[in-house]
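In each ligand, atom 1 is the first atom listed, and ligand 1 is the first ligand listed.
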Amino acid sequence: MPDMRIPFNRPTVLGKELANIEEALTTAHLSGDGPFTLRCHQWLESTLGSKKALLTHSCTAALEMAAMLADLGPGDEVVMPAFTFVSTANAVVLRGATPVFVDIRADTLNLDETLVEQAITPRTRAILPVHYAGVACEMDVLMDIAARHQLLVIEDAAQGLLSTYRGRPLGTIGELGALSFHETKNVIAGEGGALLVQDERLIGRAEIIREKGTNRSSFFRGQVDKYTWVDIGSSYLPSEIIAAFLHAQLEAARELTDKRRRAWTRYHDAFADLEDAGVVRRPIVPPECGHNAHLYYLLLPTLAARTATLARMKERGVAALFHYVPLDSSPAGRKFARTSGDLAITHDLSDRLVRLPLWPNLSDAEVDAVIDVARDTIVSATR
Ligand SMILES: *Cc1c(COP(=O)(O)O)cnc(C)c1O
């Protein structure tokens, strides 16, 4: 059988998105905060149990809003992993503040909570945990450290929609949480995101920052008789066309997650013997973490084996990818951030990680084809 061409991701469109967009067109409300945005907010608030949800253009935008709400400024520090997407750090740097990178745990690849306290200084303002692969950070410990040092917790839950930590949805445990609806995530809007707010004192200001620094949201609710410029802000609200698309996806969020989980589990079962033989390490999900099958990865023994595996899989038509270039070794990271400790696990694991194709409608036959190609290439790359 010839190898199939399998991309890393194929955005899943369910069919109802277009009907929703047509409905938005007939109501003639195309700018932000119309009926579909309201329905998305209600879905997020009721499904996740969030005090407030606000749609944004992206998780990047939600993180920028969170950094403004945290009142970060020059000299302030935010503790986060270097094993993350650039937006986690950029949001802090845009306020003139400094990301402080801490190493990750070898099991979950999440911020190592046991190293956080030693990274805290009098300038620390917040902790920014990233729930890698939709598997939760050790939130009880992080929330306790934050409470003792009076720090905000901003969760980067870009990958964590419908994942839980001790039964609590990710993004709703810290004072602020950021979700992504980018086309590579579990629920998509092309580009999109949301800010989740649990601290009631931050809700009013979050609405103002999202509406260009005006009190327009209060005006629309009839709470003030004219609206005006009251704070810093930008335009962070998506149009109703995006919200209409997103609402169709949110309504199917559980089904989309279950379909991902089917492929995730098929991969997990298929590599058990290679893990027993010491050739790969599979993802580790602690019992307190309910995960959303956001991504499936394997850890290979060496960088050379990873490099060879990615190249040979590509030759055979399967798009496997690495994750991430650690931010402390990037040009901007060296310029704008500092590290606490040596980040040895971050550098070791990011050299050895391979992500496999995964999307909701990936068929069993396609999963099996990826497994065949991956097993062949890994076995020959590690011989
Ligand atoms: C995808 C992702 C982001 C950025 O999300 P956008 O919606 O594309 O801005 C931020 N952080 C993490 C961990 C991500 O995976």
Asks: Please report which non-hydrogen protein atom sits nearest to atom 7 (O) of ligand 1, along with the residue it belongs to and the distance in Å to one decimal place.
Replies: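 Looking only at protein heavy atoms, the one closest to atom 7 (O) of ligand 1 is S180 OG, 2.7 Å.
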Asks: Going by the order shown, which atoms of ligand 1 are within less than 4.0 Å of some heavy atom of V130?
Replies: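 The list of qualifying atoms is 13 (C).
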Asks: Any ion pair linking R254 and D258 (charged N to carboxylate O, less than 4.0 Å)?
Replies: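 Salt bridge flag = no for R254 with D258.
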Asks: Would you mind running through ligand 1 and noting each atom that sits below 4.0 Å from a heavy atom of C59?
Replies: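 The list of qualifying atoms is 4 (C), 5 (O), 6 (P), 7 (O), 9 (O), 10 (C).
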Asks: Please state which protein non-hydrogen atom is closest to atom 15 (O) of ligand 1 and give its distance, to 0.1 Å?
Replies: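 Minimum-distance protein heavy atom for atom 15 (O) of ligand 1 reads Q159 NE2, 2.8 Å.
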Asks: Please write down residue, atom name and distance for the protein heavy atom closest to atom 13 (C) of ligand 1.
Replies: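 Heavy-atom neighbour on the protein nearest atom 13 (C) of ligand 1: D156 OD2, 3.5 Å.
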Asks: So, the side chain of E240 versus the backbone of L30: is there a donor-acceptor pair under 3.5 Å, distance only?
Replies: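 Pair absent, no side-chain N/O of E240 close to backbone of L30.
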Asks: Can you confirm whether or not the ring centre of H323 sits under 6.0 Å from the ring centre of Y132?
Replies: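 For H323 and Y132, the ring centres are under 6.0 Å apart.
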Asks: Identify, with sequence neighbours excluded, every residue that meets salt bridge (charged side-chain N to carboxylate O under 4.0 Å, His left out) alongside R375.
Replies: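 Only D273 meet the salt bridge (charged side-chain N to carboxylate O under 4.0 Å, His left out) criterion with R375.
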Asks: What's the spacing between R39 CZ and L44 CG if we round to 0.5 Å?
Replies: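 Separation between the atoms: 14.0 Å.
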Asks: Numbering the atoms of ligand 1 from 1, which are under 4.0 Å from a heavy atom of T60?
Replies: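 So the atoms of ligand 1 that pass are 4 (C), 6 (P), 9 (O).
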Asks: Specify the closest pair of heavy atoms between L111 and L142, including all atoms of both residues, with the distance to one decimal.
Replies: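 Scanning both residues, the minimum pair turns out to be CD2-CD2, 4.2 Å.
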Asks: Side chain, backbone, both or neither: which part of A158 comes within less than 4.0 Å of ligand 1 when only heavy atoms are counted?
Replies: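 For A158, the contact with ligand 1 is made by the side chain alone.
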Asks: Please report which non-hydrogen protein atom sits nearest to atom 3 (C) of ligand 1, along with the residue it belongs to and the distance in Å to one decimal place.
Replies: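 Protein heavy atom at minimum distance: F85 CD2, 3.6 Å.
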Asks: Looking at atom 2 (C) of ligand 1, what's its closest protein heavy atom, distance included?
Replies: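 The protein heavy atom lying closest is K185 NZ, 3.0 Å.
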Asks: Which ligand 1 atoms are under 4.0 Å away from a heavy-atom of G192?
Replies: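 By the 4.0 Å cutoff, the relevant atoms are 7 (O).
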Asks: Take S50 and Q198 through the test side-chain hydrogen bond (donor to acceptor under 3.5 Å, both in side chains) and record every step on the way to the result.
Replies: CA-CA 6 Å; S50 181; Q198 307 319 315; 2.8 Å; yes
